[in-house]
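Chain identifiers are assigned alphabetically (A, B, ...) following the order of the sequence lines, protein sequences preceding nucleic acid strands; residue numbering begins at 1 within each chain. What's counted below: heavy atoms across the whole structure, side chains too, no hydrogens, waters or symmetry copies.
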Amino acid sequence: MDTRYDYQNLEDKTYDKWEKSGYFNPDVCVKKGIAKKNAKKFSIVLPPPNVTGNLHVGHAAMLAIEDIMVRYARMRGLKTLWLPGTDHAAIATQSKVEGIIYKKEGKTRYDLGREEFLKRVEKFAKESHDTIVRQMKKMGSSVDWSREAYTLDEKRSLAVRTAFKKMYDEGLIYKGSRIVNWDPKMQTTVSDDELEYIEEKAPFYYLKFGPFTIGTARPETKFGDKYVVMHPDDPRYKKYKDGESMQIEWINGPITATVIKDKAVDMGFGTGVMTITPWHDATDFEIAERHGLDKEQIIDAYGKLLPAAGEFSGININKARPLIAEKFKAKGLLEKVDENYLHNVAVNQRGGGRIEPQIKEQWFVNVNKEFVLPKSKIKGIKSGEKTTLKKIMRAAVKNGQIRILPHRFEKIYFHWINDLRDWCISRQIWYGHRIPVWYRGGETYCGVNPPKGGGWEQDPDTLDTWFSSGLWTFSTLGWPKETKDFLAFHPTSVLETGYDILFFWVARMVLMSGYLLGEIPFEKVYLHGMVRDGQGRKMSKTLGNTIDPLEMSEKYGADAVRLSLIIGSAPGNDIKVSEDKIRGYRNFATKIWNASRFAVMNYAPTKTKPRFTTADRKRLREVTELKKKVSADIDRFDFNRAGDALYHYFWDVFADKVIESLKPRLSSENAGDRAAAQEVLLTMLKEQVKMLHPFMPFVTEEIWGMLPGVRKESLLMVEKW
RNA sequence: GGGCGGCUAGCUCAGUUGGUUAGAGCGCUUCGUUUACACCGAAGAGGCCCGGGGUUCGAAUCCUCGGCCGCCCACCA
């Protein structure tokens, strides 16, 4: 037996053994008596990684945390299911593949056409999927591969169409012309949550608009402006009446301007007066809606100016901006320019471009519309009662049926719901679930399956990727069929994910599950932090500070990587990792290995009755206490504490003190002494190896197989906790 | 503009409901080839727990004011 644990050669073999045993599957566990038939369930669905490439260290942290919960539950005899899958991640994947194709071949998706392009994306997605599966196995994730799902596979697509149709029929999904976030680069809409704001310096122009002065960073939108808006209580503009019109000189000649009074105007900002461009600004759109004003499109879908811009028609807005400013100046309408104005620019965070708001006809989910929830298991909402999607989302958490941990995230969740607007779910990209609506002449048909008869044409848009993710806890269990799995495992026990997708995903799962099932999707939400480097910086390729979990596993073993992602960070706080830290836990794995080796080497079966000392009994009691503590910590999602306690007890107490103190007795003349020392050593070791297993499954499994009194074919992963 | 988190040893962080000399990893110093382990062992140095005020027999922990740093949300044209 080597003095070092050979993780490079053993980890894959160990994973194979687990997989072949079938114990990742709860049905097998029940059949083999590992879990009783009537045992409580413990179910988790894996937050499906995007098929955009590789797993990163954030995924590794997620896998480590979930594997701890799952292995712990399984060892405690619960009917345990951890259901794996991957996410097609519509916009992210499409954007990635478009980038690759453009770089390699200089072609766009339009050059290839919808069909050919989708083939390429699918090929890419398949390869990513295979890589992800390999990587998950490498990390030791004890997921049930027999139930693997994909957000875009046949079963999940059926669930999506079923959900869409139900919402459509009840008027919760509607098509409407509203202002949306338009990405001219990717040629698609993006939801509010997918935006990212970047602060930018830009010239800010003060323009004369009749008797008023208005400020803008976007003179290129001003061609159609004919409403001038001010706060109704602004004393400076008391003499102007709401609806009053006047003739003024504007960029393309004289226009009739109308005064509008609206409280949306901030009296303290600039001159307290603004003109509005309802087609290209969300606030302006709302003002226009409130007052029934005209809306005119100035910029097209590609970011080029329309004929309304006169001689600037056809020019890209970025090029046109300084020219337009020039014209204002030439006409004497430019009062002054502030060159160092800071403003926020919205960008599509999924690799897209700068957002240009546009009015477009899109599909929306109405979050405020009342409907009847026929059968409700959500506390606070009675069966048959009228409710809204917002109310469902709020109720499920408010009444404690769903607990979000750490607790502070509940507040953030409520805050988000309060501000929530209708969810734009249609995308003009190609990779994703096609909207199940067909048109023929003036007819519209929505159905789970295409309509019969010829001449129908399907809506070209696809759905926001989060629409299908919202169904994930039950689409993976066979819904819309009421399968055995669905009945046995839903609602899931825990949803474990990063706090960055609380809104994107967690909230939407509550929405979908609440609406479609009248049920919560999970009992608890545990949110982990973001993984950062040793100095606490975000990991990024440009900084070159990324840590590849696979490379680290090759170098130090997956157990070490897992532990380094668990220990040292409080629940919900960001997780810091560095190679030094990983190396430290690799050393711990070696320590466990060697202590176990020592125990095995010193064990000789004997019939002699052991002569325990009070110190022996104290040690054995300590281990029992440790188990209580570790169990309590895991139950509270405090993996950091549990791991830390195990680490220190094993190293500081067991290895440094207990083993040292037992050494003389192990070679004692007295057989009873020897027997007691051996027994204490082995019992303490076994118990600790068991407790360490959820954290470091590979080494502990390997050690378990060498311990005296352990049947050769028995697996630690299903040993009784 | 609103909200949240952080500030503890050189670096990165733990420290559940306030309770004895404040902890870890890495780093540092000295010593050590005692047959589990040098990916080790033993010993050690190193801290006005961001600052002020308060509550308390007792505060890193609770309250309050302030200072930095980070994050999220928001329609400031």
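Rounded to whole Å, the distance from CZ on A:Arg421 to P on B:rC73 is 13 Å. Between the NZ atom of A:Lys657 and the C1' atom of B:rC40 there is a distance of 15 Å, given to the nearest Å. Taking atom CZ of residue A:Phe654 and atom P of nucleotide B:rC37, one finds them 15 Å apart after rounding to whole Å. Look at CD on A:Glu579: it is 16 Å from C1' on B:rG27, rounded to the nearest Å. A straight line from CG of A:Asp234 to C1' of B:rA77 spans 14 Å, rounded to a whole angstrom. Rounded to an integer number of Å, the gap from A:Ile659 CD1 to B:rG41 P is 11 Å. Between the P atom of B:rC76 and the CD atom of A:Glu286 lies a distance of 12 Å, rounded to the nearest Å. Between A:Trp593 atom CH2 and B:rC40 atom C1' the separation is 18 Å, expressed in whole Å.
At a threshold of 4.0 angstrom between heavy atoms, the contacts of A:Val229 with the nucleic acid are absent. Using a 4.0 Å heavy-atom criterion, one finds that A:Lys663 contacts the bases of the nucleic acid, with or without backbone contacts as well. Note on A:Tyr647: only backbone sugar-phosphate atoms sit closer than 4.0 angstrom, heavy atoms only; bases stay farther off. Within 4.0 Å (heavy atoms only), A:Ala570 reaches sugar-phosphate atoms of the nucleic acid but no base atom. Residue contacts for A:Glu660: at a heavy-atom cut-off of 4.0 Å it reaches a base atom on one of the strands shown. Counting any heavy atom pair closer than 4.0 Å across all strands shown, A:Asp580 reaches sugar-phosphate atoms only and no base atom. If you check every strand for non-hydrogen atoms under 4.0 Å, A:Arg408 touches sugar and phosphate atoms only. Looking at heavy-atom distances under 4.0 Å, A:Gly568 makes contact with sugar-phosphate atoms alone, never a base. Residue contacts shown for A:Tyr341 are limited to sugar-phosphate atoms, with no base heavy atom under 4.0 Å away. Across all strands shown, A:Asp638 has no heavy atoms under 4.0 Å from either base or sugar-phosphate atoms. Residue A:Gly272 is classed as a base contact, given a heavy-atom separation below 4.0 Å to a base. Using a 4.0 Å heavy-atom criterion, one finds that A:Ala655 contacts the bases of the nucleic acid, with or without backbone contacts as well.
Partner A:Ile703 forms a side-chain contact (heavy atoms from CB on, under 4.5 Å) with one of A:Val600, A:Ile592, A:Leu716 and no other, that one being A:Ile592. With A:Arg290 as the partner, the salt bridge (Lys or Arg N to Asp or Glu O under 4.0 Å) test is satisfied by one option alone out of A:Asp262, A:Asp284, A:Asp242: A:Asp262.
Taking the C1' atom of each, B:rC50 and B:rA38 are spaced 41 Å apart, rounded to whole Å. If you take atom P in B:rG5 and the same atom in B:rG47, they sit 31 Å apart, rounded to whole Å. Between the C1' atoms of B:rG23 and B:rG67, the separation comes to 27 Å (whole Å). Comparing the P positions of B:rG54 and B:rA60 gives an interatomic distance of 15 Å, to the nearest angstrom. Rounded to whole Å, the P atom of B:rA59 lies 31 Å from the corresponding atom of B:rC69. Using atom C1' as the reference point in both B:rU56 and B:rU61, the two lie 13 Å apart (nearest Å). Comparing B:rG10 with B:rG53, their P atoms are spaced 25 Å from each other, to the whole Å. Between B:rG6 and B:rA42, the two C1' atoms lie 37 Å apart (nearest whole Å).
Two rings, from A:Tyr585 and A:Tyr556, have their centers 6.0 Å or more apart. For A:Phe695 and A:Tyr647, the gap between ring centers reaches or exceeds 6.0 Å.
Scanning atom types as modelled, no donor and acceptor separated by under 3.5 angstrom connect the side chain of A:Lys581 and the base of B:rC26.
Side-chain nitrogen and oxygen atoms of A:Trp651 include none within less than 4.0 Å of the OP1 or OP2 phosphate oxygen of B:rG25. At least one side-chain nitrogen or oxygen of A:Arg4 sits closer than 4.0 Å to the OP1 or OP2 atom of B:rC39. The phosphate of B:rC40 (OP1 or OP2) has a side-chain N or O of A:Asn587 nearer than 4.0 angstrom. Taking only side-chain nitrogens and oxygens, A:Asn573 comes nearer than 4.0 Å to OP1 or OP2 of B:rA14. Residue A:Lys411 places no side-chain N or O under 4.0 Å from the OP1 or OP2 atom of B:rG3. Dashed line: the shortest gap from a side-chain N or O of A:Lys629 to OP1 or OP2 of B:rU16 is not under 4.0 Å.
Taking a pair to require two hydrogen-bonding distances under 3.5 Å in either a Watson-Crick or a G-U wobble arrangement, B:rC68 pairs with B:rG6. Nucleotide B:rC11 is matched to B:rG25 when pairs are restricted to Watson-Crick or G-U wobble geometry with both distances under 3.5 angstrom. Figure legend. B:rG18 is base-paired to no nucleotide; pairs are counted as Watson-Crick or G-U wobble with both atom distances under 3.5 Å. In this structure B:rA42 sits in a base pair with B:rU30, meeting the Watson-Crick or G-U test at under 3.5 Å.
RNA chain B is contacted by both A:Lys222 and A:Tyr7; A:Tyr7 maps to the nucleotide lying nearer its 5′ end (nearest heavy atom per residue). Nearer the 5' end of RNA chain B, as judged by each residue's closest nucleotide, is the contact made by A:Pro571, out of A:Tyr585 and A:Pro571.
Using a 30° and 60° split on the angle between ring planes, A:Phe409 and A:Tyr499 fall in the parallel class, below 30°. Using bins of under 30°, 30° to 60° and over 60° for the plane-to-plane angle, the ring pair A:Tyr341/A:Phe204 lands in the tilted bin. In this pair, A:Phe209 and A:Trp250 present their aromatic rings perpendicular. The plane angle is above 60°, beyond the 30 to 60° band.
You'll find that the side chain of A:Arg641 is closest to B:rG15, out of B:rA77, B:rG15, B:rC37. For A:Thr590, counting side-chain heavy atoms from C-beta on, the closest listed nucleotide (B:rC39, B:rA14, B:rA77) is B:rC39.
Side-chain contact, A:Tyr72 with A:Asp635: a donor N or O sits under 3.5 Å from an acceptor N or O.
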Report the C-alpha distance between A:Asp183 and A:Asn181 in whole Å, list the side-chain angles of each, state the deciding distance to 0.1 Å, and finish with yes or no for side-chain contact (heavy atoms from CB on, under 4.5 Å). CA-CA 7 Å; A:Asp183 176 355; A:Asn181 308 303; over 6 Å; no
